[in-house]
There are 2 protein chains.
Amino acid sequence: MYSAAMSTPERLISATRELLWERGYVGTSPRAIQRLAGAGQGSMYHHFSGKPELALAAIRSTADELRSSAAGVLDGPGTAYERIAAYLLRERDVLRGCPVGRLTMDPDVTADRALRAPVDETLDWLRGRLAEIVAEGTAGGGLRPGLDPQATAAAVAATVQGGYVLARASGSPEAFDTAVRGLLALLAPDDEPAPEA
Amino acid sequence: MYSAAMSTPERLISATRELLWERGYVGTSPRAIQRLAGAGQGSMYHHFSGKPELALAAIRSTADELRSSAAGVLDGPGTAYERIAAYLLRERDVLRGCPVGRLTMDPDVTADRALRAPVDETLDWLRGRLAEIVAEGTAGGGLRPGLDPQATAAAVAATVQGGYVLARASGSPEAFDTAVRGLLALLAPDDEPAPEA
DNA sequence: GTCTATAGTTTGATAGAC
DNA sequence: GTCTATCAAACTATAGAC
């Protein structure tokens with residue numbers, strides 16, 4: 001249950017975000033949202049037309065936050081390699097998975113253009129931003145030369161998303177870390193060992 | 001609805017496999033299973049104690065099949081690079097995602113040791129098998145020298161699982177293919193361009 | 001082995017009082 | 001704006017006839 005400092009709509013959105021992350025769209029019931037938000041049924045249906053509208057607000061909110069957070073790391077200081085490494089190695093709640101990527105497994109989300117849009121846009125933005133950095137890095141930024149920016153960026157984003165899958169399967173974050181380590185080694189040029197990161 | 005050539009338990013398991021793949025554990029109801037299998041309620045509960053037991057049988061069946069299928073490619077002819085490429089590039093129904101990896105997003109699956117075990121074992125086997133091939137390949141198998149087998153294998157498996165996520169987000173298989181292309185370029189040695197695959 | 005009947009719960013939503 | 005009452009449908013399962 002959330003702090004009384006938040007407005008009821010805010011609490012409903014936060015609760016929905018949590019539940020969508022953990023249980024997905026199908027697994028998230030209005031009842032559970034109301035319970036977690038500390039709001040009554042009438043209250044929920046007063047502020048939102050129903051589950052889809054509430055889910056849309058929650059997904060947008062989660063997507064915006066993820067994007068800001070990733071941008072913070074990717075826009076930071078350092079060489080291209082260092083910024084990609086910082087992104088790959090940043091603190092994550094690995095076993096919870098990606099709150100945005102997770103939604104792609106939900107048929108009710110992918111089937112609904114409006115619900116899928118924030119998910120698509122976020123991952124698309126991430127790939128684009130990574131591609132820019134790879135493009136910078138192939139000109140002396142600590143990355144292996146000759147890499148295709150788009151393809152390399154997709155591999156980076158995929159490794160993160162897939163790392164979550166491997167980690168959740170085994171019940172341990174280790175597989176995620178191992179995959180990231182493998183990718184970082186592949187990204188570094190031959191002549192120099194992958195920098196400590 | 002499945003062919004009458006299959007026994008009722010077989011039809012129930014096939015139907016459950018389909019639905020688990022598409023909708024996950026939470027999104028799969030006994031009712032839907034019965035409908036797809038062309039079996040009555042009494043029939044389902046005669047052969048299986050309930051949804052968990054049926055799901056377990058379905059997950060085991062899917063996991064076994066995936067493992068056999070992957071083994072067929074990974075045990076095939078060719079250099080280490082070629083076999084990994086064959087695995088990454090084999091025909092996939094990309095937008096449907098991985099029927100095993102998908103289950104890791106289901107809290108009811110990860111919370112249940114028995115249900116998670118086949119998922120864990122399958123992805124663990126895959127990583128182990130890929131690591132063996134990487135280990136072979138670093139000794140002249142067309143792979144970039146000096147790679148850590150475990151870490152590289154995890155990156156390969158993660159790229160596939162994450163590629164599904166990217167593809168499903170965008171509604172197109174393209175992102176999967178792009179990520180695979182990026183990874184293959186990273187796996188090849190510097191001096192030779194990635195072989196046509 | 002398969003069927004229908006039944007049951008208790010939850011889901012997602014609406015109605016109307018306050 | 002929030003509450004309680006109510007609803008039709010679906011969920012998961014059991015009982016018992018055939």
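Sequence lines set the chain letters: A, B, ... in the order given, protein chains first and strands last, and positions in each chain run from 1. Here the structure is a predicted model, which is why all the values come from computation and not from measurement.
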- prompt: What pairs of residues pass the ring pair (Phe, Tyr, Trp, His ring centres under 6.0 Å) test when at least one of them lies in residues 135-184 of chain A, not counting sequence neighbours?
  reply: A/Tyr164-A/Phe176
query: In this structure, are over 12 heavy atoms from other groups packed under 6.0 Å from A/Glu65 atom CD?
result: no
field: salt_bridge(B/Glu18, B/Arg96) N-O dist < 4.0 Å
entry: yes
query: Are the charged groups of A/Arg127 and A/Asp124 less than 4.0 angstrom apart, N to O?
result: yes
query: Quick one: ring pair (Phe, Tyr, Trp, His ring centres under 6.0 Å) pairs with a partner in residues 107-147 of chain B, sequence neighbours left out?
result: none
task: Assign a letter to each nucleotide of nucleotides 11-16 of chain C from its 5' end: B, base within under 4.0 Å of a protein heavy atom; S, sugar-phosphate only; -, no contact.
output: SSBB--
- prompt: Below 4.0 angstrom from OP1 or OP2 of C/dT2, is there any side-chain N or O of B/His46?
  reply: no
- request: Can you tell me the distance, in whole Å, between the CZ atom of A/Arg35 and the P atom of C/dT9?
  value: 17 Å
Row check, A/Tyr25 ring normal vs B/Arg23 NZ/CZ: under 6.0 Å, within 45°: no
task: Quickly work out the A/Leu19 CG to C/dT10 C1' distance and round it to whole Å.
output: 15 Å
- request: Please check the phosphate of D/dG1 (OP1 and OP2 only) for any side-chain N or O of A/Thr8 closer than 4.0 Å.
  value: no
- prompt: What integer distance in Å separates B/Ile33:CD1 from D/dA10:C1'?
  reply: 14 Å
